[in-house]
Amino acid sequence: MSGEGVSPLEITLESIRATASSYNLVPGVKYAYGTAGFRCKAEILAPAAYRMGLLSALRAKSAKAAIGVMVTASHNPPEDNGLKVVEPQGEMLLPRWENYSTQLSNTDSASLVEALKDLSEEVDVSLTSARGKIIVGRDTRDSGPLISAAVAAGAHNLQCKVEDIGVCTTPQLHWIVKQTNISKPNTIEDYYRTFSDSFINLYGKSESKPSIKVDCANGVGAKSLRSLAPLLSDYIDLVICNDGSNGKLNENCGADFVKLMQNAPQGVNYSENEHCYTIDGDADRSLFFFFQDHKFNMLDGDKIATLFAGFLNTLIHEAELDLSLGVVQTAYANGSSTSYLHSKGIPVVCVPTGVKHLHKKAEDFDVGVYFEANGHGTVLFSDTAMEVINKRAVQETRKIQQSAVTRLVAFTKLINTAVGDAVTNILAIETILKLCNLSPQTWNNMYTDLPYRQLKINIRDRDIIKTRDAERKISSPEGMQEKIDVLVSDYSNARCFVRPSGTENCVRVHAECATQREADSLAMSVGSMVFDFTEALHSRL
Ligand code: G16
């Protein structure tokens, strides 16, 4: 349709009608914006990706800013893919817009124009309003270019500018979106320069140059570290393992595998006491590990949180700053980590799984340290904190206080505050270990993890399980929590919870006990109870 008398809105709607027919819904597929966006088999993702292009364009128009769309399924297998939408300040998509995303992604092509018109009214933004901008990035999956193109097609239908930055890590995209919206240097090269400069500034030279091994899960983290390594080569040797040249993404390696199996990734030839890390498929989580007397030791997100919180707490006290510091965890946090933080007088808050929940809660503190046990996390500094720290850095003349506040300023620059970043967190951990003269053993011995076991259980419909109390209890189906309580009561000092995954088609069981054998046994009994319970429910339907 063209010619005189045709309104810009009609032209826009017509272009949607024309494109939508190439992205019809797949019969029987229901999309949902889960723990971290959409995630499913890549072959069925394009219709949702196209609709997310439309929705992100609308979000960009409503925010009058750049919005990010990351095409990744992170820790999932190579045949999956997913979408994470990034808000203007680098945060996760707002809950209200998550709901719109789920609704729109399930709207058939014929109803799409009407649904968009309704949505534009609801959010009070014209579909033809001034152009917004979408920045699209993707991980290394083969399906990435196709899914990115579907996102771009949706955004173009709403005349939204699309900048495809190609293969990048999820945290790089978050950082680029944030930097773009505050008109600061915002290219991938700027990212490498910013964080390598910050690292060099705080880390300084050492007599010997340590070698640090990183299991990159055969994912995009390898690309990032390869770019960073030469910039840091006078200070540390970054040894990249599982770079994707000889192995499958997330298969027998990567942070999710290591955390779940409590074992070393394949493809890393370690030396005793060497600093090793494992990151996930899109490089937004990292775990530390080392071998001592050939024994594998993993320091997870909880240990990283205690390291960061302890370091920052000391600096805040030494600098005599009046700033609140707290740690945000989820139900997966090891009980020992929570007790340890309490014993140090550091407040701890528990929220449901998902970076979006932790990030939001961490904003309640001047300095909010948030980590999931699986390695997602970062540190947030409130505007007040930044003001206080930067002002004191200029005014302070006393030696100890000045040194502490100088380190604080430098640390704020080493952290990717937009979102948890596996790569910059590695640099921050290495810096703290060096400045505090901490060996992996000393760090690890700060507290001893309670033995735990995590299981994935496949049931017919994970959505029938609803939780409460930050996912520590089941609210429905009725009677299931009571059964868990009975099973837990057979063990001393035990806890166990069950929750539906928001990224995989399974429910997760987490059990923590006094011994590994008990944790294994409790997880197994709860897992099989959940399976039998839900099967019985289905047979009654
Ligand atoms: C995503 C989220 C994390 C969450 C993880 C597992 O991580 O960003 O917050 O812990 O999924 O979630 P669930 O247990 O609901 O499957 P990633 O690294 O896969 O993007």
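We count ligands from 1, going down the list as the structure has it; atoms in each ligand are counted the same way.
The contact set between ligand 1 and D280, taken as ligand atoms under 4.0 Å from a residue heavy atom, comprises 18 (O). Remark: ligand 1 atoms within the under-4.0 Å shell around heavy atoms of K84 are 20 (O). Heavy-atom proximity to R508, at under 4.0 Å, picks out these atoms of ligand 1: 13 (P), 14 (O), 16 (O). Taking every heavy atom of V355 and a limit of under 4.0 angstrom, the matching atoms of ligand 1 come to 8 (O), 9 (O). Those atoms of ligand 1 with a heavy atom of T353 less than 4.0 angstrom away are 4 (C), 10 (O). Atoms of ligand 1 found under 4.0 Å from any heavy atom of R285, numbered from 1 in the order shown, are 7 (O), 17 (P), 18 (O), 19 (O). Set against the non-hydrogen atoms of H75, the atoms of ligand 1 under 4.0 Å away are 17 (P), 19 (O).
Geometrically, ligand 1 and N76 share no nitrogen or oxygen pair separated by less than 3.5 Å.
Taking 4.5 Å as the limit, some side-chain heavy atom of I465 sits within range of a side-chain heavy atom of I459.
No more than 12 heavy atoms of other residues, nucleotides or ligands sit less than 6.0 Å from atom CZ of F531.
At a heavy-atom distance under 4.0 Å, atoms from both the backbone and the side chain of T503 approach ligand 1. At a heavy-atom distance under 4.0 Å, no atom of T72 approaches ligand 1. Residue R39 touches ligand 1 through its side chain alone, judged by heavy-atom distances below 4.0 Å. At a heavy-atom cutoff of 4.0 Å, ligand 1 is contacted by the side chain of T35 but not by its backbone. Under 4.0 angstrom from ligand 1, there are no non-hydrogen atoms of D256. Residue-level proximity to ligand 1 for A36 is carried by the side chain, the only part with a heavy atom below 4.0 angstrom. Residue-level proximity to ligand 1 for N374 is carried by the side chain, the only part with a heavy atom below 4.0 angstrom.
Scanning the protein for heavy atoms near atom 7 (O) of ligand 1, the closest one is H376 NE2, 2.9 Å. The shortest contact between atom 9 (O) of ligand 1 and any protein heavy atom is with E372 OE1, 2.7 Å.
For K303 and Y447, the positive end sits near the middle of the six-membered ring, less than 6.0 Å away and at most 45° from its axis.
Under the side chain to side chain donor-acceptor pair (under 3.5 Å) rule, E471 has a single partner from H510, R499, R508, which is R499. A side chain to side chain contact (heavy atoms under 4.5 Å, CB included) with L380 is found for one member of K361, K360, E363 and no other, namely E363. Among the candidates D421, T424, N416, the single residue satisfying the side chain to side chain donor-acceptor pair (under 3.5 Å) test with Y191 is D421.
Across G354, S74, G37, A73, heavy-atom proximity to atom 18 (O) of ligand 1 is greatest for S74.
Ring pair W97/Y100 is perpendicular by interplanar angle, where above 60° counts as perpendicular and below 30° as parallel. Aromatic ring pairs are classed by plane angle as parallel below 30°, tilted from 30° to 60° and perpendicular above 60°; the pair F289 and F296 is tilted. Relative ring orientation between F411 and F308 is described as perpendicular, the plane-to-plane angle rising above 60° on a 0-90° scale split at 30° and 60°.
Under a 4.0 angstrom heavy-atom cut-off, R499 registers as being in contact with ligand 1.
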Test salt bridge (charged side-chain N to carboxylate O under 4.0 Å, His left out) applied to R285 and D256, step by step: CA-CA 9 Å; R285 49 169 130 157; D256 201 61; 3.0 Å; yes

Evaluation steps, side-chain hydrogen bond (donor to acceptor under 3.5 Å, both in side chains), between E430 and Y277: CA-CA 11 Å; E430 285 304 313; Y277 293 85; 2.6 Å; yes

Working for salt bridge (charged side-chain N to carboxylate O under 4.0 Å, His left out), residues E87 and R59: CA-CA 9 Å; E87 283 281 314; R59 176 72 192 110; 2.7 Å; yes

